[in-house]
Enquirer: 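Attaching a single structure in structure tokens format; questions to follow.
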Amino acid sequence: MEQEALLETVRDRAAADADEEAASDATRAVLETLGERLSEDEAEDLAAQLPGDLSQHLTQGESGQRFSEEEFVSRIDQRMDTVDLHGEEAATTVLGTVLEAIDESERAAVVDQFEHYGFEELLAETDADVDVADRTPGEY
């Protein structure tokens with residue numbers, strides 16, 4: 001998926017009044033926060049699959065930080081300049097779109113990490129259809 005298509009998908013799935021700038025802002029905020037939560041290797045693996053300059057958002061911060069699902073959403077809220085979206089909607093919209101844009105093995109690895117972090121509620125709201133139940137960690 002090209003960067004413009006990814007951002008357009010985020011905009012279309014977000015609040016009715018979200019514009020291109022809001023979609024870009026939300027995507028940046030979610031990817032920066034996701035990059036902080038994932039390990040450095042995981043962030044780099046995911047970044048390699050993102051189009052355009054979106055990958056830089058995953059790898060610019062300090063990775064491997066431990067924080068809750070609530071803190072994940074709070075950090076997204078704090079990073080966003082837009083008032084068209086709130087953190088939870090941005091998180092689920094962007095994460096769901098990113099999960100669709102990456103290959104199956106990377107998608108399964110991200111989903112597995114979110115489940116490991118205890119982010120099941122947030123993950124469930126993404127509408128991402130990924131079944132990792134039959135995989136072992138060595139398959140990622």
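Values below: all heavy atoms of this structure, side chains included; hydrogens, waters and symmetry mates excluded.
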Enquirer: Tell me, please, which residues at least two apart from Phe119 pass ring pair (Phe, Tyr, Trp, His ring centres under 6.0 Å).
Expert: Phe72, Phe114, Tyr117

Enquirer: Step through the shown structure and confirm whether more than 12 heavy atoms of other residues, nucleotides or ligands are within 6.0 Å of CD on Gln65.
Expert: yes

Enquirer: Could you tell me if the side chain of Leu34 sits less than 4.5 Å from the side chain of Val94, heavy atoms only?
Expert: no

Enquirer: So do Thr59 and Glu44 actually touch side chain to side chain, heavy atoms under 4.5 Å?
Expert: yes

Enquirer: Side chain to side chain contact (heavy atoms under 4.5 Å, CB included), that's the test. Do Thr93 and Val30 meet it? Break it down for me.
Expert: CA-CA 9 Å; Thr93 301; Val30 171; over 6 Å; no

Enquirer: Of all heavy-atom pairs between Ile102 and Arg107, which one has the smallest distance, and what is that distance?
Expert: O-NH2, 2.7 Å

Enquirer: Of all heavy-atom pairs between Gln113 and Glu42, which one has the smallest distance, and what is that distance?
Expert: CD-OE2, 2.9 Å

Enquirer: Considering residues, nucleotides and ligands other than Glu120, do more than 12 of their heavy atoms fall under 6.0 Å from its CD?
Expert: yes

Enquirer: Can you check whether Glu20's main-chain N or O pairs, donor with acceptor, with Ser24's side chain at less than 3.5 Å?
Expert: no

Enquirer: Taking atom types as modelled, find out whether Asp103 and Ser105 have a side-chain donor-acceptor pair closer than 3.5 angstrom.
Expert: yes

Enquirer: If every non-hydrogen atom of Ala47 is compared with every non-hydrogen atom of Ser55, which pair is closest and at what distance?
Expert: O-CB, 3.1 Å

Enquirer: What is the minimum heavy-atom distance between Ala14 and Leu85, and which atoms define it?
Expert: CB-CD2, 3.4 Å

Enquirer: Kindly compute the distance separating CD (Gln49) from CE (Met1), expressed to the nearest 0.5 Å.
Expert: 12.5 Å

Enquirer: Between atom CZ of Arg79 and atom CG of Asp25, what is the distance when rounded to the nearest 0.5 Å?
Expert: 11.5 Å

Enquirer: Does Glu4, at its CD atom, have more than 12 non-hydrogen atoms belonging to other residues, nucleotides or ligands within less than 6.0 Å?
Expert: no

Enquirer: Of all the heavy-atom pairs spanning Ala90 and Ala26, show the shortest one and how long it is.
Expert: CB-CB, 3.8 Å

Enquirer: How long is the span from the CG atom in Leu6 to the CG atom in Leu50, to the nearest 0.5 Å?
Expert: 7.5 Å

Enquirer: Would you compute the distance between atom CG of Asp77 and atom CD of Glu71 and round it to the nearest 0.5 angstrom?
Expert: 10.5 Å

Enquirer: With a 3.5 Å distance limit and no angle check, can you tell me whether Ser63 reaches the backbone of Glu40 through a side-chain donor-acceptor pair?
Expert: yes

Enquirer: Check whether any side-chain N or O of Gln3 sits under 3.5 Å from a backbone N or O of Asp53 as a donor-acceptor pair, and report yes or no.
Expert: yes

Enquirer: Quick one: CD on Glu88 to CD on Glu125, what's the gap to the nearest 0.5 Å?
Expert: 4.5 Å

Enquirer: Please report the C-alpha distance between Val98 and Leu46 in whole Å, then the side-chain angles of each, then the deciding distance to 0.1 Å, and finally whether the side chain to side chain contact (heavy atoms under 4.5 Å, CB included) criterion is met.
Expert: CA-CA 9 Å; Val98 166; Leu46 180 56; 4.2 Å; yes

Enquirer: Do other residues, nucleotides or ligands put more than 12 heavy atoms under 6.0 Å from the CD atom of Gln60?
Expert: yes

Enquirer: Do Leu123 and Leu99 come within less than 4.5 Å of each other through their side chains, counting heavy atoms only?
Expert: yes

Enquirer: Hey, is the main chain of Phe67 close enough, under 3.5 Å, to the side chain of Arg37 for a donor-acceptor pair?
Expert: yes

Enquirer: CE/Met80 to CD/Gln78 distance, rounded to the nearest 0.5 angstrom?
Expert: 10.5 Å

